[in-house]
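Positions are given from 1 along the sequence. What you see is a predicted model, and the numbers here were worked out from it, not measured in a lab.
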Amino acid sequence: MSNYSMNSYFKNMTVIGQPLKRSEQQDAFYAENIQAIRKIEEELAEAIKAAQAAGKPDEKVNAGGELTALQRLYELVDEGTWCPLNSLYNPEGNDHGSTGIIKGLGRINGKWALIIASDNKKLAGAWIPGQADNLLRASDTAKRLRIPLVYVLNCSGVKLDVQEKVYPNRRGGGTPFYRNSELNQMGVPVIVGIYGTNPAGGGYHSISPTILIAHKDANMAVGGAGILGGMNPKGYIDEEGANQIADATMNVKKVTPPGAVGVHFAETGFFREVYVEEEGVIEGIKKYVDMLPSYDLEFFRVDDPKNPVFDVNDMYSIIPANPKKTYNIYDVMSRLFDGSEFMEYKKGYGPEMVTGLAKIGGLLVGVVANAQGFLMNYPEYKEKAIGIGGKLYRQGLIKMNEFVTLCSRDKLPIVWLQDTTGIDVGDDAERAELLGLGQSLIYSIQNSDLPQLEITLRRGTAAAHYVLGGPQGNDTNVFSLGTATTEINVMNSETAAVAMYSRRLAKDKKAGKDLQPTIDKMNDLIQRYADMSSPKACAVLGLVDEVVNMNMLRHYILAFAESCYQNPQAICPFHQMLLPRTIRDFDNVFKK
């Protein structure tokens with residue numbers, strides 16, 4: 001048994017959660033719920049498989065002497081550590097169902113990195129609509145976690161017929177090059193392994209990282225060999241011009257493209273190393289990742305890593321696919337964290353929110369989660385109130401502000417488990433300062449300067465979605481995850497339909513008009529809300545960075561926590577932490 005700091009606080013925390021309840025009726029519910037969730041998971045898996053298969057067949061790529069992007073990734077990443085991100089992200093509706101890259105979090109020789117691979121099955125890895133924003137999401141994650149950003153690059157430049165959606169703008173094709181410079185200036189290295197022809201924007205993709213490793217057939221250049229000159233531009237193509245182009249193309253001899261290894265290895269020295277074999281580039285990336293600074297995670301452990309007491313597969317039974325049904329959030333947490341242990345902050349105060357410390361892989365993380373179910377005689381600012389779990393009230397907002405601030409002080413990364421129907425409304429809520437307290441929480445999160453992971457277990461609604469550590473917090477949110485039960489929208493679909501059409505219904509009824517046309521519009525809106533709030537829509541539009549199988553959530557939380565502690569920006573010694581002492585003192589006073 002290893003020795004750790006502050007054992008009286010961090011070892012043998014309170015075990016939470018209960019085994020699954022068993023009865024004939026309960027087992028029937030579990031079976032139906034499992035089937036409903038897994039059906040969606042299987043549909044999403046098929047969509048990812050189709051997106052990855054689109055383009056040139058693997059066999060054809062391999063016959064040309066190349067590995068596919070996925071094959072390169074599998075050679076690079078330590079087995080069992082790959083955590084895909086933005087697999088279905090495709091906000092511009094590209095035909096093949098992706099943005100032309102494959103990315104995720106993975107270990108390289110034991111060190112976590114954010115990895116991007118150009119999908120060379122699709123237009124030789126060309127820049128296509130939505131790709132630049134996906135690249136920026138990757139650099140944001142690397143920046144927040146302070147882990148290396150690794151490119152497995154094979155980028156043929158901009159797809160020219162959609163240049164206006166790729167090249168310009170504040171988050172366009174040039175922005176990732178600025179972001180790579182920012183990472184370098186922060187001491188976060190960007191390592192690139194270069195394959196194939198990389199002209200123009202692909203060339204800057206190649207040159208902007210810290211270390212450049214090339215395959216023997218790779219090149220990078222300001223422009224490609226395929227740009228023909230000698231024509232007199234007219235602003236249009238006529239038959240004479242078409243013949244010129246055809247003749248020039250037929251007569252052109254195969255030449256080495258500009259910026260090949262003969263120039264950028266032998267002369268400029270931009271390429272640090274060149275490898276004859278595809279796999280050699282992968283080994284070169286691994287070699288340079290080995291050189292990077294990282295802590296032994298044992299330095300930060302407070303306990304031996306251990307599995308939860310309860311089976312993570314129970315999540316399929318615990319979290320109802322029907323959003324109107326409730327569940328016990330402690331049962332969920334007990335399937336995600338080490339030993340099913342939890343040290344709760346201010347239990348009983350702000351009961352709609354659960355806050356406290358948990359361990360994952362023996363590493364400390366802060367946890368914030370929505371409770372579910374009815375809350376009797378709460379909130380305190382309403383007479384004879386019955387609160388609803390999932391909503392945010394005054395005490396819960398104050399508690400979260402305090403907790404985030406203490407996590408910031410103690411340098412503890414935060415995991416948000418979100419299932420919210422929004423913030424309480426009405427004059428009582430305004431008098432209780434919920435609007436100000438919600439913005440105060442945003443201020444606290446932004447001020448924390450902490451890496452934070454947000455998981456939308458089911459509902460992400462209205463302002464509560466971004467108040468609860470959502471992806472809108474670009475400087476803190478590392479990435480956001482969804483599940484097969486995720487639904488993200490401004491409000492419930494029926495509520496939205498009533499908000500939009502209630503006056504029209506009243507006006508038509510008063511005028512004696514047929515209500516059916518308006519009813520049809522309301523139902524169309526309800527269906528559109530359902531479609532655009534679904535797990536797949538959330539993944540495609542980027543409302544979450546990945547929809548993850550229920551039994552893989554712990555895998556992602558572990559990857560997040562280990563990445564946070566790999567090379568942190570700041571450290572609070574365990575014996576100088578305030579949060580665990582605050583928890584113990586509050587419990588001692590509150591229980592009396």
Side-chain angles (χ1 to χ4, degrees), residues 61-62 65-85 100-121 124-125 134-135 138-139 141-143 145-155 176-177 179-181 183-184 186-198 202-220 259-261 264-265 269-294 559 562-563 566-567:
V61 175
N62 296 157
E66 296 181 42
L67 298 175
T68 68
L70 274 174
Q71 289 168 343
R72 289 167 177 167
L73 282 173
Y74 293 149
E75 289 285 332
L76 177 63
V77 175
D78 297 351
E79 186 176 356
T81 67
W82 181 239
C83 297
L85 292 170
I101 60 172
I102 299 171
K103 56 175 270 205
L105 202 60
R107 271 180 161 179
I108 301 174
N109 282 357
K111 293 178 183 175
W112 289 99
L114 199 292
I115 306 161
I116 302 165
S118 307
D119 193 344
N120 54 337
K121 288 161 57 75
N134 206 356
L135 293 169
S139 56
T141 300
K143 173 184 174 182
L145 291 172
R146 293 182 55 80
I147 59 175
L149 179 61
V150 174
Y151 282 96
V152 181
L153 189 65
N154 194 156
C155 178
F177 313 147
R179 192 60 57 80
N180 288 347
S181 295
L183 290 174
N184 283 328
M186 291 176 61
V188 177
V190 184
I191 297 175
V192 60
I194 307 166
Y195 296 94
T197 300
N198 301 269
Y204 281 93
H205 234 350
S206 310
I207 198 67
S208 61
T210 321
I211 297 287
L212 286 59
I213 304 161
H215 182 251
K216 69 178 178 63
D217 295 330
N219 84 299
M220 61 180 189
V261 296
H264 285 317
F265 179 67
F270 292 164
F271 291 150
R272 188 74 169 263
E273 294 184 355
V274 175
Y275 289 88
V276 173
E277 302 296 332
E278 282 242 351
E279 292 83 357
V281 178
I282 301 298
E283 293 306 313
I285 293 172
K286 291 180 179 180
K287 182 174 80 170
Y288 283 99
V289 170
D290 285 344
M291 297 176 185
L292 301 180
S294 67
E562 290 188 348
S563 296
Q566 180 169 297
N567 186 29

Criterion side-chain contact (heavy atoms from CB on, under 4.5 Å) on H205 and L135, from CA distance to verdict: CA-CA 11 Å; H205 234 350; L135 293 169; 3.7 Å; yes
Check: G259 main-chain N/O paired with N219 side-chain donor or acceptor under 3.5 Å: no
K111 side-chain N/O to S294 backbone N/O, donor-acceptor pair under 3.5 Å: no
Nearest atoms (heavy-atom pairs only) where N109 meets D78: N-OD1, 2.9 Å
Kindly list each side-chain donor-acceptor pair under 3.5 angstrom involving residues 207-214, sequence neighbours excluded, with atom names and distances?
residue	atom	partner	partner atom	Å
S208	OG	N180	ND2	2.8
S208	OG	Y204	O	3.0
T210	OG1	N184	OD1	2.4
T210	OG1	V190	N	2.8
T210	OG1	V190	O	3.1

Set of residues satisfying salt bridge (Lys or Arg N to Asp or Glu O under 4.0 Å) with respect to K287, sequence neighbours excluded: E273
Atom pairs and distances, donor-acceptor, side-chain atoms in residues 279-286, under 3.5 Å, two or more places apart:
residue	atom	partner	partner atom	Å
K286	NZ	E75	O	3.0

Side-chain donor/acceptor of N198 to backbone N/O of G203, under 3.5 Å: no
Closest approach of S118 to A69 (non-hydrogen atoms, all atoms of both residues): O-CB, 3.2 Å
Test side-chain contact (heavy atoms from CB on, under 4.5 Å) applied to L145 and W112, step by step: CA-CA 10 Å; L145 291 172; W112 289 99; over 6 Å; no
Smallest separation among heavy atoms of A142 and V188, with atom names: O-CG1, 4.1 Å
side-chain hydrogen bond (donor to acceptor under 3.5 Å, both in side chains) against N567, all qualifying residues, sequence neighbours excluded: none
N120 side-chain N/O to G125 backbone N/O, donor-acceptor pair under 3.5 Å: no
M220 versus S206, closest heavy-atom pair with distance: SD-CB, 3.3 Å
Check against side-chain contact (heavy atoms from CB on, under 4.5 Å), L105 and L114: CA-CA 5 Å; L105 202 60; L114 199 292; 4.0 Å; yes
Spacing of R72 atom CZ and I102 atom CD1 [to the nearest 0.5 Å]: 10.5 Å
Pairing residues for H215 by the ring-ring contact (aromatic ring centres under 6.0 Å, His included) criterion, not counting sequence neighbours: Y195
Atom of I147, atom of S563 and distance for their closest heavy-atom approach: CG2-O, 3.8 Å
For K121, salt bridge (Lys or Arg N to Asp or Glu O under 4.0 Å) partners two or more places apart: D58
Stepwise side-chain contact (heavy atoms from CB on, under 4.5 Å) test for V61 and Q71: CA-CA 11 Å; V61 175; Q71 289 168 343; 5.8 Å; no
Pairwise distance CZ(R272) to CZ(F265) - rounded to 0.5 angstrom: 11.0 Å
